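A note on names: the letters A, B, ... follow the listed sequences, proteins ahead of strands, and every chain is numbered from 1. Since the structure is predicted, the reported quantities are computational estimates derived from the model, not experimental observations.
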Amino acid sequence: MHDMSHATEHHAHTPPQGFIRNYVFSLDHKVIGKQYYGLGLVAVITGMVLSWIMRIHLVWPNFAIPGLGLLSKAGAPGGIVTPEYYLQLMTMHGTLMVFFVLTNVPFAGFGNYFLPIQIGAEDMAFPRFNMMSFWTTFVAFLVLIAAFFVGDGPPLAGWTSYAPLSAVGGAAGPGEATGQTLWAISIAIFCIGQLLGSLNFISTTLDLRTKGMTLWRMPLSTWSWFITSCIGLTAFAVLLPACILLILDRTAGTSFFIPSGLVINDKLQPHSGGSTLLWQHLFWFFGHPEVYIAIVPAMGIVSHILINSMRRPMLSHRVIIYSLLAIGFLSYMVYGHHMFVSGMNPFSSLAFSFPTLLITIPSTVLVLIWIGSLYGSKLRITTASLFALGFISMFVSGGVSGFFLAQPSLDIYLHATYFVVGHFHMVMGVAAIFGMFAGTYFWFPKMFGRMMNETLGRVHFWLTFVGTYCIFMPFHYLGLAANVRRYSAFVDDYLQPLLGVHKFITIAALFTGAVQLIFLYNLIHSRFRGALAPANPWEATSLEWTMPSPPPFDNFGGRHPVVYHDPYQYGIEGATNDYVMQDSPEEIKSVRDER
Amino acid sequence: MATTVPEPPVHDLPSDNNRFPGNGKIGHGGGRILRPAEGHLRAVDDYSPSPSGTGIWVGLTAITMSFAAFTSAMIVRKGGASDWRHFTIPSILYLNTVVLLVSSVTLEVARRRIAAFMNGNTPRPAVASKWLYATLFLGLCFLGGQYAGWLQLKSQGLFLATSPSSSFFYVFTAVHGLHIVGGLAGLIYVIRKLHRLVLRRSTLDAASRYWHFMDAVWVYLLFMLWAKF
Amino acid sequence: MAKFLAVTIVIIAIASAVPILRHTWAPPQDISTHGPLIDEQMSDTMAEAGISFLAAQIILAIFIWMFAGARPEGKIKTFPGGAKAMVIASLLLVGTEVLALGIFGQRAWASVYFTPPGPNAMPVQVQAGQFAFYFRYPGADGKFGPLHPEQINEGNQNFFGLDTANDPDSKDDIVTAELAIPVNREIHLLMHSKDVGHSFYVPELRVQQDFVPGLDVSLHFTATKVGKYEIVCTQLCGLGHYNMKAYLEVMSPDDFNSWLKQQAALQ
C-alpha cells in the first residue's frame, strides 16, 4: 500500500473469531461474494450436466445414462430419459442458469466482492441484510433442487412456467404437483434475496463512497452493478407478487391465472375467470429486465478489463454509462416482445416492437465504443482480455439476431423456434458467461492471493470460444428451418433432415462442456498451488488493486482512501508508469475523456 | 474536470468509536451517550446521507413496485372476466384505518420528542418511549382488527377462493399485514435502542417513514378494494 | 496469440454466413398470400443483420490483429472522431436501419392482424388440447353449436363437448382430426383451447398463433398451394408437447367438397 500520509488514523479491524462467523454466516462482503460465486459454480455445473443429458436424449434417445435411473426411477428408467423427464430437466436447466448462475455470479458474486472495494468502502451498507440475502438465495436453491427428489420430480412447464399449465396442478403432467409448487416457492424466496441484495448495492453506492469518489469516478464495473441493482429492485419486486399469486392458485384454489372451462383428462377444472395472459405480463415484466440483469454486469466487467488490457480509457467513459442507463431504462418498455403471438392485442405488439428496436441503438453504441477503443491501443493479451474480446464477438453474434426477433412480423415465423434459443443463449447465456470467465481470470489473484495458470486459461479460452460458436450458431439455422424448441423428440416429418445438425450440436456441447474441466482444475489448483499474486498484477488503476492480495478483513486496513482521479488513467505520458492509480496524489495530465 | 483534486481535509474523519456506535464499543467508560442522527456508521463520505436514510427509500420503491403489481393484477383480473363479485367491505376496516392513521400521529409525536432530546432540549427520552409504545399498541390493534375483518368476511361465506374479489381482499390485507408486522419489528428495535441510549436518528427516521408509508399503502389498497370501477 | 484470435474470429464469421448465403437451412417455400411480405422482410433483415454482423466481427478482428502487443513506448492513438463518431454512426446507421425495419415490418404484421377476414372467409374452429388438435366445420347451417366443457369425453369421441341431442346448431357440425381447406379461399380460424396454452404453427403458411385458454382468438389466412403440411404445437403444453401435431391438407375446391361430405357421413 502506498501513500499512507493521507490517512490520519489506522483502525484495522480484526476479523471475527470462529469458523461459523468467518465462513458461514459471515457479514464480510468478500466472503458473501465468494459464497455467491461458489453457489453459482455448483448451479452452473448442475445446469450444464442437465444440458448434456438433454442434448444426448435429443439425438440418442435410447442411450442409457449411467446413474440417472437412480435419481428418478420414473423419469429415467434404467437411465433412459423419458420425453416428460426431458422437459423437467429443461425446466431445471433454465431456472438454474437464469436465476442461480446468470444473476448470482456476475451481479451478486463479483458485485458483492468488488463494489464496496471499488468505491473505497469497508463493507456494504447493511452487512446483515447482505448475509441474509445470500442465505435466502441458498435456501431458494435448496428448495429448487428438492424438486428433483419429490413426487414425480421437477416441473415441466419451462423456466417461464406459463399458466395455466403451471397453475392447475398435478393433472397437467408429471412434476406439476409438488415439483411446480417448490419451483414457485423457490423463485419467491429467490426474489426476496435479490431484493435485499439490490437494496444493499444501491445504498452502498450512494452512501459509502470514499472521499473524492464522485459518481463519474466510479469504475464501469461498479456502474454496471449499480444499474443492475436498480433493475433488479424493480423487476424482482414484480416477480414476487406473481409467484405469490401462482402459489395461491396452486394451493388455495384461487383463480388468478386459471380461466373457466378448462378440461384436463376429461375433468372440468374447478376454477373460473382467471387470466393466463396476466401471468405472462407479470412474468415478462420481470423476465425481460432479467436479461439485462444478466448481461449489464458482464458489460461492465468486460469494459473494466478491456480498458486495463488496452492500456487506455474507453473512447468515452460517460457515453458507456449513458448507454447502460438507456438499456436499463428501455428494458422495462420492451418486455411485450416475448408475447407477440401470445394472443395479446396486436397493436400492443407494434407498440412493444419499437422500443425493442430502439434498444439496439445503445447496444450498438457500446459495441462501437469497445471496438473503436481498440484502435490505437496497446492491447495486452491475457486470458482475461481474451474472454473480454470473445464477449464482444459473442455479444455481436447474439445481438444481430435480435433484429429479427424484435419484429412482430418475423416473430410469426421465428417465435418458439431454435432461432430464439440460439439468440438468448448467445447474447445472455454465453456472453454473460464469458464476462464471468473474464472476471474470474482477472480478479482471481485479488480474491485468492494467487495467480491462475495462464497457459491453461488460454487453452480453456480457445476451446470454449470455438466450441460455443459450434453449439449456438447452428441453433439459428435450425430456427430458420422452423425447428420448434422444447421438443423432447423430433417426430415431425419436416424435422427429420435436421437431425444431423442436432447431432453436431450435441457433440459440440459435450466437447465444450468437457473443456470446462480445464477451468475447474485451474480454479482449484491455482487456489492452493498458484503463484503468489502481487497487489497489482495487471498494473491496473482502480481501488481494488491498492490493497494486498487477498484484501485484509476490513479492506483498507482502517484507512480511508482518497480518490484523486478518474478511474482509468492509463497511457499517461511522463508518468513513471503508463498508469496512475485512482488514489495516487500524483499530479498528472489527465487522459482526455471525451464527454 | 480538474486534473487534480485539492487534498481534502482529513481531520473530520470520524473516529472509530463514532463509526461503530452500538457495536459494544460505545458507552464504555464515558457514560452512556445517545448518539444523534449523524452517527457515522462506517461513514467514508462526510456529506453523504446515512445508509438507512437512503436504504429506506430504496426499500419503499421496491414495496411500491410490489403493490403496483398486485393492484394492476387486480385491475386486469377485474376487467378480463365477468365473474367479479363486488362485496361490501367489512365495516371494521374503516375503524382499523382510523387506528392506523392515529398510530402515525403517535409515532410522529415520539419522533419529534426524541429528536428534541437528541438536540439536548429535553432531559429524558422516557416520555417519548411511551408514545412509541402507544404506536406499537395501535399497530397491534390494527392487525387484530384486520383479523376481525377476515372473520366477518368468513361469516358471510366469503373465503380466499370464493370469488376473485375476495381473493384479492385476502391477499392485499395479508401482504399489507405482513408489512405491518415488519414495521412493528422495526418499532421494537427502535424502542430497544432507545432504552440502551444507542438509537441513531437515521434509524428512527427510517422506521417512521416506513410506518407512515404503510399507512398510505393501506389507504390506497382500501380504495382499490372499495372502488367499483 | 492475438493474430490467431483475429483469424479465428474472421473464419467463424464467414463460416457462420456461408449456410445463410447458400440457403442450406432456409424457411420452406411459402404457401400463403401474406407470406411474401414476411419473406421479403426476412431477407431484408437478413441482409442488414448479416452486414452488421460481418462488419463488426471483421473490424474487431482487424483491430485485434493491428493493435495487440503494440510497443509499450508507442503513443496511444484515438479513433478519428472518437466517441462522438461512434454515437453518430450508431444513431444514423442503426437508427435508420431499425426505423426502416420497424416501419416496413408493419406491413406484413398489418396484413395478418389489422385486416378483418373477408365476408366469404370460411370459418373453421380449431381446438387444442393435450396433445391433439381437433377441427370443427359448421356444416350445412353455417353455425357452430355451443360448447359444453363439462360434456367433453374423449372416450365417446366428444372432443369439443357438443350436445348434439339438445343443440340444433351442433347436429350437423363436422369434427375432424385433420384440417382440410380449399385452396385460394380465405380461412377464418377460430382458436379455442381446451386446457392449457398451445400454439398453432404451420411454417409453410407463415402462421403462428398461441391459443389462449379462456379467450378465443381468431386468425385468417389463404393458402395458395395444394399439398399436405404439418401443423405443430409451439407452446409448451406438457409431456406430449413434441408429439402434438395434425395435418393441414390444402385441396382443390372439388376435392374439398367431397372430403367434407365424406367426413359428414362419418359423424
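The environment of B/Phe87 atom CZ is dense: over 12 non-hydrogen atoms of other residues, nucleotides or ligands sit within 6.0 angstrom. More than 12 heavy atoms of other residues, nucleotides or ligands shown are found within 6.0 angstrom of CZ on B/Phe159. Few gaps surround OH on A/Tyr332; more than 12 heavy atoms of other groups in view lie less than 6.0 Å from it. Residue B/Trp84 qualifies as enclosed at atom CH2: its count of foreign heavy atoms under 6.0 Å is above 12.
Note that the CZ atom of A/Phe285 and the OG atom of B/Ser72 stand 8.5 Å from one another [nearest 0.5 Å]. Put simply, CD1 on B/Ile75 and CG on A/Leu278 are 11.0 Å apart, with the number rounded to the nearest 0.5 Å. Annotation: the span from B/Met65 atom CE to A/Leu239 atom CG amounts to 11.5 Å, rounded to 0.5 Å. Remark: A/Thr254 OG1 to B/Phe168 CZ distance equals 9.0 Å, nearest 0.5 Å.
Among A/Asp207, A/Leu199, A/Leu208, the single residue meeting the side-chain contact (heavy atoms from CB on, under 4.5 Å) criterion with B/Thr54 is A/Asp207.
Scanning all heavy atoms of the two residues, the minimum distance from A/Phe126 to B/Pro51 falls at CZ-O, 3.2 Å. Closest heavy-atom contact between A/Ala252 and B/Ala161: O-CB, 3.3 Å.
For A/Ile244, the part sitting under 4.5 Å from any heavy atom of chain B is the side chain, from C-beta outward, and nothing else. Both the backbone and the side chain of A/Leu233 come within contact range of chain B, each with at least one heavy atom under 4.5 Å from a heavy atom of that chain.
Taking the side chain as every heavy atom from C-beta outward, B/Ser167 and A/Leu248 never approach each other to under 4.5 Å. At least one side-chain heavy atom of A/Phe256 sits under 4.5 Å from a side-chain heavy atom of B/Val171. A 4.5 Å side-chain heavy-atom check between A/Phe257 and B/Arg77 finds every atom pair outside the cut-off.
Interface remark: of the candidates B/Gly80, B/Ser166, B/Ala73, B/Ala73 forms the most heavy-atom pairs closer than 4.5 Å to chain A. Put simply, of B/Gly55, B/Ser52, B/Ala81, the one with the most heavy-atom pairs under 4.5 Å next to chain A is B/Gly55. Here A/Gly273 is the residue among A/Ser203, A/Gly273, A/Pro561, A/Ala242 with the most heavy-atom pairs under 4.5 Å with chain B. Taking chain B as the reference chain and counting heavy-atom pairs below 4.5 Å, the highest number among A/Ser275, A/Ala235, A/Ser272 is found for A/Ser272. Contacts with chain A were tallied for B/Gly59, B/Ala62, B/Pro164; B/Ala62 has the most, counting heavy-atom pairs under 4.5 Å. Ranked by heavy-atom pairs under 4.5 Å with chain B, the list A/Thr204, A/Leu245, A/Asn200, A/Leu240 is led by A/Leu245.
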